[in-house]
Amino acid sequence: MENYEHHQLEKKWQQIWEAQGSFRVSEDPLRPKYYCLEMFPYPSGRIHMGHVRVYAIGDVVARFKTMRGYAVLHPMGWDAFGLPAENAAIEKGVHPDIWTRENIAYMRSQLKRLGLSYDWDREIATCEPDYYKWNQWLFLKFFEKGLAYKKRSAVNWCPSCETVLANEQVEEGRCWRCETEVVQKELEQWFFRITAYAEELLRDCDRLTAWPARVLSMQRHWIGKSVGVEVDFPLAEPLGDLAALRIFTTRQDTIYGATFMSVAPESPLVEQMIAGREQAPSVREFVARVSRQDKVLRTALEHEKEGVFTGAYAINPFTKERIPIWVANFVLYEYGTGAIMAVPAHDQRDFDFASKYKIPIRLVIQNPERTLREDHLKAAYEEQETAGVLVNSGQFSGLSVADAKARLVEFIKQQEFGRPTVNYRLRDWGVSRQRYWGTPIPIVYCETCGIVPVPLADLPVELPKDVPFTGNGASPLLHDESFLRTTCPKCHGPARRETDTMDTFVDSSWYFLRYCSPHYELLPVERAKADYWMPVDQYIGGIEHAVLHLLYARFFIKALRDLGLTKADEPFTSLLTQGMVCKETYRCETHGWLFPSDLVEDEKGGWKCKHCGQPAERGRVEKMSKSKKNIVDPEHLVNAYGADTARIFSLFAAPPEKDLEWSDAGVEGAYRFLGRVWRLVNGLAGIFDEKKPVGPSTQVTELRRLTHRTIKKVTEDVDREFQFNTAIAALMEFVNGLYKFEAEGKAGTERESFQEAIETLLILLSPFAPHMSEELWARTGHDMMLRHVAWPAYREDMIKSDILTIPVQVNGKLRSKLVVPAEWTKAQILDASLADEKVAEWVRGKTITKQIYIDKRLVNIVVEG
RNA sequence: GCGAGAGUGGCGGAACUGGCAGACGCGCGAGACUUAGGAUCUCGUGGGCAACCGUGGGGGUUCAAGUCCCCCCUCUCGCACCA
């Protein structure tokens, strides 16, 4: 028998698939559609194990759905703009365009070597003018509708990437990409008004029932809706046009307990309030000191609460008391109105602040036990759920917190003290990037006309290629006169182009729509095609995009729907967030992280550092990364074992949503399994020389039962929950069973059933290990490509067994197993149970109090004494 | 602190609505075939001599609990002064 030459065999089938255009797809009115999409990669240079995993998952789904009769859209493309290309240009002197294209070419060939079933005719790269042209088109439409606007504000600035970052792109105060600490900078920037969709984005989370709860919870939290009121506290002495201090609160029920006000240091109100007062110098000093502090540190919960009195007073509209206005470091300028009423008795932050500055604390909510004493409070009483009752609150005293909240909203409205308000944590999305390798923002600045959008007909605004990359900071676009200088589309006078480019998350916010009609020239998407394919039925990608890409894409689809480009209002019906690929790490005290090749075995079977001989400490199992030196290059894996093994390994080792720990032994196991399939089928190929199965025989045998049970198990595991690991386990059991039956000579005595079994095995295996399946399929005399073979249906009558094995328990403990004919009644089975020797032993001399019988599954005899 | 998720053999992991805990794979042990095998095949493999004990710990519900309820512990992830 020939050996399993994966190299040659995989190459052969990849060529055949390519030559035949096997994976091309078009709209088909006769079949249901299925859009299967994996997040497209950034063309960094080479694929890594994470790519292998996510694309193997997607490929199983796509191939499975195709064989189940769906028209499956399964495209691939490149998220091709971004900073690494620019850094490569600076470091290696290669133009980002060339660097990116070379990477794409190489990675495309790597993906093809994995045997992924993509319709490559639909390939897109976001750095192509015929893609980013539509980014610009969409930007202009957004601009027209007021969804894109420019404003000056404090923004997150990454000093290392030398660009602005959106709020979503800052993680623990650091840049999501390079982990450099982010600083605040005051800049004029373009924003997308994602907040216009805050309510819909939040509400529709409820409709995304096929998304992981974790992702939805993160999105809900990020949007952060809070319902409350804005209340105007009149100033005791009006200051120019400033007559009142407006605050936002969700705790209007505590308003009688407000004993001071706090304003954010950044607020322009501060200057207005202190002008000409003796407090002015100390307030200015405080504001300056706070604004110099690191924002992350300053906004950490543990950070000490500090503030300074402004000298101004406001009037509490309810109590008519004069209460002092402070500036406090913990008040956020960006949230609400940038000012709060402070209720020390019922807010811990205010409590800490009031205690520090000896501001009165007034109790206005009494706990159900009535044990709170205003002069002995050790902490704020913040409880809202229990039956607390209002006290010291005028006409509202005696009400529960919930009742008081509702009544106060009404009263505030009626008295025109303020208005009900909803606030969101979500901020508008800053999309300007001070970088070269991105989509130019299609705006010109004219001395006479101001901000002027580039006319749609003039798109694309092409990124100039011939620019120098000096690495001295600013974007090369700033110095490219031929790009910069233009004429105003309105007045034809001299004008200057916007030099900022768009956040690359704009590119990925709608690429799934472009795949529906990738070559369409009139609009970003061809409406009919988008209506056919959208929404994406199954989206697969990493959890790291839970609030980045996944939120932006949801916003985009809603905005595009409102532009009439699609009827979908959610982009992804079902979402699978696959886990990371991890591997153990090793460290040496002197040399830091160690590659496996830096390790030598010591006398005791442990590891030591090759360079210094010190013991190498086995670190934690961590996500594969270059810096931790625990990466495995998929190319080596594919060279040594083949794509089918790489796929089987990454699908079998863990369920898709969990982290997968790399294991050399696991790869060997996957390879061994494929070897078993190879030898089994090749050894039996002869049984196909004689006539094909004449059709489903009615005979039920152990062999046929195994075949049909396997169909059921694999189908359900793949279709229902994406449990590829257990699906593969079922295939392994199937193969083990076939070896056993073969050894019993059934290939001869039950030839037709064996043919059915082998054919079933190859069909079921084909989404997981397509190359080997296709090869063996051809070797067993089949002409049609597996892809066009219908996925088998199992037959219920084949699964049923005519004998049952019933476990028998005595007092809940397994004592015996009964093998009985399937048609036996409950009474017969119970009689047989009691007659069973082993059971009798446990029952003897005792009284039977109960006999539990679960149909066809279990007997439990309960005894006493 | 708030929110989400997880804890099962030596390891990765199975177990549908409560019903045989540990499928499948790795590892390990024994054997077969071999000049040889790190190839392949077969058998065994939670612990314990046993009664029994075993799904992070402690209670509970039930004929029956990995699964349901209460309390606690640990870990991972996300958000973190949002008024």
Side-chain angles (χ1 to χ4, degrees), chain A residues 3 171-172 212-222 224-226 228 247-252 254 262 264 296 298-305 328-332 334-343 346-350 352-353 382 423-427 543-544 546-547 648-649 652-655 657-670 672-673 675-676 679 713 716 720-721 723 725-736 739-740 743 805-817 849-855 857-863:
Chain A
N3 283 331
E171 294 169 351
E172 291 179 357
R214 176 155 82 118
V215 174
L216 291 174
S217 131
M218 280 162 72
Q219 291 218 350
R220 287 191 182 105
H221 194 105
W222 189 263
K225 180 180 183 174
S226 38
I247 59 99
F248 172 72
T249 182
T250 58
R251 292 300 308 272
Q252 59 273 18
T254 63
S262 294
V296 183
R298 193 188 118 199
T299 55
L301 186 56
E302 310 76 50
H303 194 70
E304 197 182 348
K305 314 224 171 330
N329 64 346
F330 65 90
V331 178
L332 303 171
E334 311 85 54
Y335 189 75
T337 60
I340 57 167
M341 68 172 192
V343 185
H346 305 291
D347 182 290
Q348 192 56 42
R349 297 159 297 183
D350 298 341
D352 295 344
F353 195 90
E382 296 179 310
N423 258 309
Y424 298 93
R425 212 185 78 109
L426 182 71
R427 306 281 78 165
I543 187 78
E544 66 272 19
V547 283
I648 293 276
F649 164 71
F652 179 65
E657 68 283 357
K658 288 186 77 174
D659 286 351
L660 180 156
E661 189 185 338
W662 174 268
S663 133
D664 294 316
V667 176
E668 286 283 347
R672 226 175 303 183
F673 165 62
R676 276 169 70 75
R679 287 185 297 274
K713 174 77 177 149
E716 288 179 354
R720 211 185 44 205
E721 295 285 345
Q723 298 295 307
N725 53 334
T726 51
I728 292 171
L731 290 171
M732 287 172 168
E733 285 182 80
F734 191 22
V735 170
N736 293 346
Y739 266 98
K740 206 183 100 214
T805 306
I806 308 264
V808 183
Q809 300 178 332
V810 177
N811 284 353
K813 286 191 173 145
L814 181 70
R815 295 307 181 192
S816 184
K817 283 184 184 180
T849 55
K850 218 176 209 179
Q851 297 181 44
I852 309 281
Y853 172 71
I854 306 297
D855 191 37
R857 297 176 90 162
L858 176 125
V859 171
N860 187 12
I861 295 161
V862 187
V863 296

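The sequence lines fix the lettering, A, B, ..., with proteins before strands; numbering per chain opens at 1.
rG9(B) takes the syn form, because its glycosidic angle lies no more than 90° either side of 0.
Residue V331(A) has its side chain nearest to rA83(B) when only rC24(B), rA83(B), rG19(B) are considered. When the nucleotides rC63(B), rA83(B), rG3(B) are ranked by their closest atom to the side chain of S217(A), rG3(B) comes out on top. Closest to the side chain of A213(A), from the set rC63(B), rG25(B), rG5(B), is rG5(B). Closest to the side chain of A665(A), out of rC24(B), rC20(B), rC26(B), is rC26(B). Distance from the side chain of Q809(A) is smallest for rG19(B) among the nucleotides rG19(B), rC79(B), rA83(B).
Between V808(A) and I861(A) the shortest heavy-atom distance is CG1-CD1, 4.3 Å.
Judged by distance alone, with hydrogens and angles left aside, the side-chain atoms of N860(A) form a donor-acceptor pair with the main-chain N or O of G812(A) at under 3.5 Å. Within the 3.5 Å criterion, the main-chain N or O of G666(A) finds no donor-acceptor partner in the side chain of E668(A). Side-chain atoms of D350(A) come within 3.5 Å of backbone atoms of V343(A) as a donor-acceptor pair (strictly under, hydrogens ignored). The backbone N or O of Y424(A) lies less than 3.5 Å from a partner atom in the side chain of R427(A), making a donor-acceptor pair. No donor-acceptor pair under 3.5 Å is formed between the side chain of D347(A) and the backbone N or O of E382(A).
Atom-to-atom, CG of L814(A) to P of rC20(B) comes out at 9 Å; the value is rounded to the nearest Å. Rounded to whole Å, atom P of rU40(B) lies 14 Å from atom CZ of F673(A). A straight line from NZ of K850(A) to C1' of rC63(B) spans 5 Å, rounded to a whole angstrom. In this structure, D352(A) places its CG atom 15 Å from P of rG1(B), rounding to the nearest Å. Put simply, CD on E661(A) is 8 Å from P on rG13(B), counting in whole angstrom units. Atoms CH2 (W222(A)) and C1' (rG3(B)) sit 15 Å apart, rounded to a whole Å. In this structure, N860(A) places its CG atom 13 Å from C1' of rA65(B), rounding to the nearest Å. For F734(A) and rC24(B), the CZ to P distance is 15 Å, given to the nearest whole Å.
Comparing rU76(B) with rC82(B), their P atoms are spaced 25 Å from each other, to the whole Å. Using C1' as the reference atom, rG5(B) and rA50(B) are 42 Å apart when rounded to the nearest Å. Distance check on atom C1': rU45(B) versus rA23(B) gives 15 Å, rounded to whole Å. A distance of about 8 Å separates the C1' atoms of rG54(B) and rG46(B), rounded to the whole Å. Taking the P atom of each, rG44(B) and rC24(B) are spaced 11 Å apart, rounded to whole Å. Nucleotides rC53(B) and rU17(B) have their P atoms positioned 27 Å apart, rounded to a whole Å. On the C1' atoms, rA64(B) is 12 Å away from rC20(B), given to the nearest whole Å. Atom name P, nucleotides rG38(B) and rC28(B): the rounded distance is 11 Å, in whole Å.
By the 4.5 Å heavy-atom criterion applied to side chains, I340(A) and T249(A) are not counted as neighbours. In this structure, R349(A) and K305(A) have side chains that are in contact, with non-hydrogen atoms separated by less than 4.5 Å. Side-chain contact check for V863(A) versus N811(A): some heavy-atom pair is nearer than 4.5 Å.
Consecutive Watson-Crick or G-U pairing (both distances under 3.5 Å) extending over three or more pairs maps onto RNA chain B as B:1-7 with B:73-79, B:10-12 with B:24-26, B:27-32 with B:40-45, B:56-60 with B:68-72.
For rC82(B), neither phosphate oxygen OP1 nor OP2 lies less than 4.0 angstrom from any side-chain nitrogen or oxygen of Y424(A). Contact annotation: R425(A) side-chain N/O to rA80(B) OP1/OP2 distance is under 4.0 Å. Contact annotation: R676(A) reaches the phosphate of rC41(B) (side-chain N/O to OP1 or OP2, under 4.0 Å). Note on R349(A): a side-chain N or O is less than 4.0 Å away from OP1 or OP2 of rC82(B). Regarding contacts with the backbone of rC82(B), every side-chain N or O of T250(A) stays at 4.0 angstrom or more from both OP1 and OP2. Between N736(A) and rC24(B) there is no side-chain polar atom (N or O) within less than 4.0 angstrom of OP1 or OP2. For rG7(B), the OP1/OP2 oxygens have no side-chain nitrogen or oxygen of K658(A) closer than 4.0 Å. Taking only side-chain nitrogens and oxygens, R214(A) never comes nearer than 4.0 Å to OP1 or OP2 of rU76(B).
Under a cut-off of 6.0 angstrom, the local environment of CZ in R676(A) is crowded, with over 12 non-hydrogen atoms contributed by other residues, nucleotides or ligands.
Counting any heavy atom pair closer than 4.0 Å across all strands shown, K813(A) reaches sugar-phosphate atoms only and no base atom. Within 4.0 Å (heavy atoms only), R672(A) reaches sugar-phosphate atoms of the nucleic acid but no base atom. Nucleic acid contact class of S663(A) (heavy atoms, under 4.0 Å, all strands): none. Backbone-only engagement by P655(A) is indicated by non-hydrogen atom pairs under 4.0 Å involving sugar-phosphate atoms exclusively. Across all strands, R815(A) comes closer than 4.0 Å only to sugar-phosphate atoms, never to a base (heavy-atom distances).
With RNA chain B read from its 5' end, the first of the two nearest nucleotides for I854(A) and T726(A) is the one closest to T726(A). Heavy-atom nearest nucleotides on RNA chain B were determined for E733(A) and for K740(A), and the one closer to the 5' end corresponds to E733(A).
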